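This report refers to the structure that appears directly beneath it.
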Amino acid sequence: MTQPKLNTSPKVSDEIKKTTCYMCACRCGINVHMKEGRVAYIEGNRDHPINKGVLCAKGSAGIMQVNAPSRLRAPLLRVGPRGSGEFKEISWEEALGLATSWLKPLRETAPEKLAFFTGRDQSQSFTGWWAQNFGTPNFAAHGGFCSVNMAAAGIYTMGGAFWEFGSPDWEHARLFLLFGVAEDHDSNPIKMGLGKLKERGARIVGVNPVRTGYNAIADDWFSITPGSDGLLVLSLVHLLLKAGKIDLDFLARFTNAPVLLDSDPASANHGLFLRDPEGRPLVIDRRTGKPAPWDGEGVEPDLSATHRTAGVTHRPVFHALVERYLSDDYAPEAVADRTGISAARIRALAAEIARTAFEEAVTLDREWTDFRGVTHKTMTGRPVAMHAMRGISAHSNGFHTCRALHILQMLLGAIDTPGSWRYKAPFPRPIPPGPGPAGKNSKPNTPLAGNILSFTHGPDDLLVNDDGSPIRIDHSFSWEAPLGLHGMMHTVIGNAAKGDPYKIDVLFMFMANMAWNSAMNPLETIECLTAKDEAGEYVIPTVIYSDALFSETVPYADLILPDT
């Protein structure tokens, strides 16, 4: 009997489109195979510098962004009560006409009555520009719900942060510490980096409550009590300080550790830097023994010298740090119960970090010039690399946990050096970077004079009214949340329903699941979206939702705009 001839290499596609993956912020390169006008298959682009052809399961699932049965085909207008799921398809002309009829009067009278919040849309430069030109201060992205507290901590502490701002030096690191990183964040580059570490015999230490994913291949695993990572890190700081295993040269040259601090509790400037008339922080210059600008040309900052002026003693920042963290409150025995890690294991980890950093230093034969104009013939680094993500940020102490991690890096001299964690351009930024957030004195028909999301330098940058009440519906950049760099999306719907600090007329959500982005509390979110006032009108008058797919909370919108 003749066997049928099988085609073992069927034609996968008619054409290939090269683009980047949309399933996380990693931006891996992908080849999208098209067949008869439809997406048939996605594969990694081997020529792309980020992933070099590697594609994760999440990236492969991106095909459903266009092929899912739940993909919206046309704008939908609600015709039944909110939550009933009763909609009718309408034309784009009618949908845009409705949206304009709701939004135009607000821009002409009270632009802050529009609350425009987006999810992980990866087009924030455009959506932010649109909100800025509309004139509403009520714009933000999903980051405030995810891990921007961690990014803020890094940028305020060292001008950059983990993940998108830099990455471990996979080629030279000899010890890698991974804190709270799930497999959906920066997935492919981390997997490739871990492979390089394993190939070279470098050690990997995982700090995570559960041993899944990356932690499953770690050489050592610390099953930390959730939310206590910062305490573990500060105990490591305590041990390194006590053992004298710190990079004093790095601290003096490249951090504000030698900057003079007002140390008199009775002084009006207690806790503030001593500055020259131009506002530059001062240190004691080893060459002269006198105060000099920290960033002055040729200045050699002294970590030990104190200075007394106008009856006030000023001492280096480093002294305050040492005094704080040498306290027995941070001894391993004092934190073991709360972290779930024994004192012996904490001590062993500190010893391993110290040994790797100071006995296995990496030196590259590469000339470089530092920012003070000093040329160095070689480049030496501490080969202890670290990486962290949402696992440490998803707690009320996430900001300070990440700051503690960066302090640990600084003490080791393990920032932007061979074998440690390296910045990506355009980082590092000045600290704090750029002008403060825009939003004060918003006026009808007037774009805001600056970026809505930015960095507060002090109380003058806060977005508050004369009585101290928040200007933004989510309370970001107020006394309540002065560092809310990406807004606080989880508060938006609840605050809007309560009218706190004021009522809004239109809630516009773009690529942001209304339940997921509202403290993962769907029932309370539904109550807020369906709440009515005494006149029987919805307390949030109009809800517009834009996304590619029909999700479980879309039925609570009045108008749904497909993301095409």
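Computed over heavy atoms, backbone and side chain alike; hydrogens, waters and symmetry mates excluded. All values derive from a computational prediction rather than experimental measurement.
Residues I504 and I473 are in side-chain contact: their nearest non-hydrogen atoms beyond the backbone lie under 4.5 Å apart. Side chains of Y545 and L559 form no contact here, defined as non-hydrogen atoms less than 4.5 Å apart. Between F87 and L77 the shortest side-chain heavy-atom distance does not fall below 4.5 Å. W92 places a side-chain heavy atom less than 4.5 Å from the side chain of P75. A heavy-atom distance below 4.5 Å is not found between the side chains of F222 and T339. Under the 4.5 Å side-chain criterion, counting only non-hydrogen atoms from C-beta, R73 is not in contact with P562.
Across every non-hydrogen atom of S420 and A385, the tightest pair is O-CB, 3.7 Å. The two atoms that bring H33 and I16 nearest to each other are CE1-CD1, 3.4 Å, heavy atoms only. Across every non-hydrogen atom of I493 and L507, the tightest pair is CG1-CD2, 3.9 Å. The minimum heavy-atom distance between M389 and S147, with the atom names listed, is CE-OG, 3.1 Å. Considering every non-hydrogen atom in both V205 and A218, the closest pair reads C-CB, 4.4 Å. The shortest non-hydrogen separation linking I452 to P437 is O-CB, 3.4 Å.
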Q | Verdict with reasoning, R422 to D416, per salt bridge (charged side-chain N to carboxylate O under 4.0 Å, His left out) | A | CA-CA 4 Å; R422 306 292 302 276; D416 213 27; 3.3 Å; yes
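Results of the side chain to side chain contact (heavy atoms under 4.5 Å, CB included) test with I90 over L98, L76, I560 single out L98 as the only residue that passes.
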Kindly list each side-chain donor-acceptor pair under 3.5 angstrom involving residues 458-467, sequence neighbours excluded, with atom names and distances?
from, atom 1, to, atom 2, distance (Å)
D461, OD2, H457, N, 2.8
N465, ND2, S469, O, 3.4
N465, ND2, S469, OG, 2.9
D467, OD1, S469, N, 3.0
D467, OD1, S469, OG, 2.7

Which atom pairs, one a donor and one an acceptor, fall under 3.5 Å between side chains of residues 103-111 and the rest of the protein, sequence neighbours left out?
from, atom 1, to, atom 2, distance (Å)
K104, NZ, E108, OE2, 2.6
R107, NE, N133, O, 3.3
R107, NE, F134, O, 3.3
R107, NH2, N133, O, 2.8
T109, OG1, P105, O, 2.6

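Listed for the D474 side chain is no donor-acceptor partner under 3.5 Å among the backbone atoms of T491.
Checked by atom type, the side-chain pair T157/R403 shows a donor-acceptor distance below 3.5 Å. A donor-acceptor pair shorter than 3.5 Å cannot be found between the side chains of H490 and N521.
Outside the 6.0 Å centre-distance limit, the rings of W130 and F139 are not counted as a close aromatic pair.
A salt bridge between K18 and D47 is absent, with no side-chain N of the basic residue lying under 4.0 Å from a carboxylate O of the acidic one. In summary, R78 and E86 do not engage in a salt bridge, as defined by a charged side-chain N under 4.0 Å from a carboxylate O.
Ring geometry for F508 against F116 counts as tilted: the plane angle lies between 30° and 60°, on a 0 to 90° scale.
For E524, the CD atom counts as loosely surrounded, since its 6.0 Å shell holds 12 or fewer non-hydrogen atoms of other residues, nucleotides or ligands.
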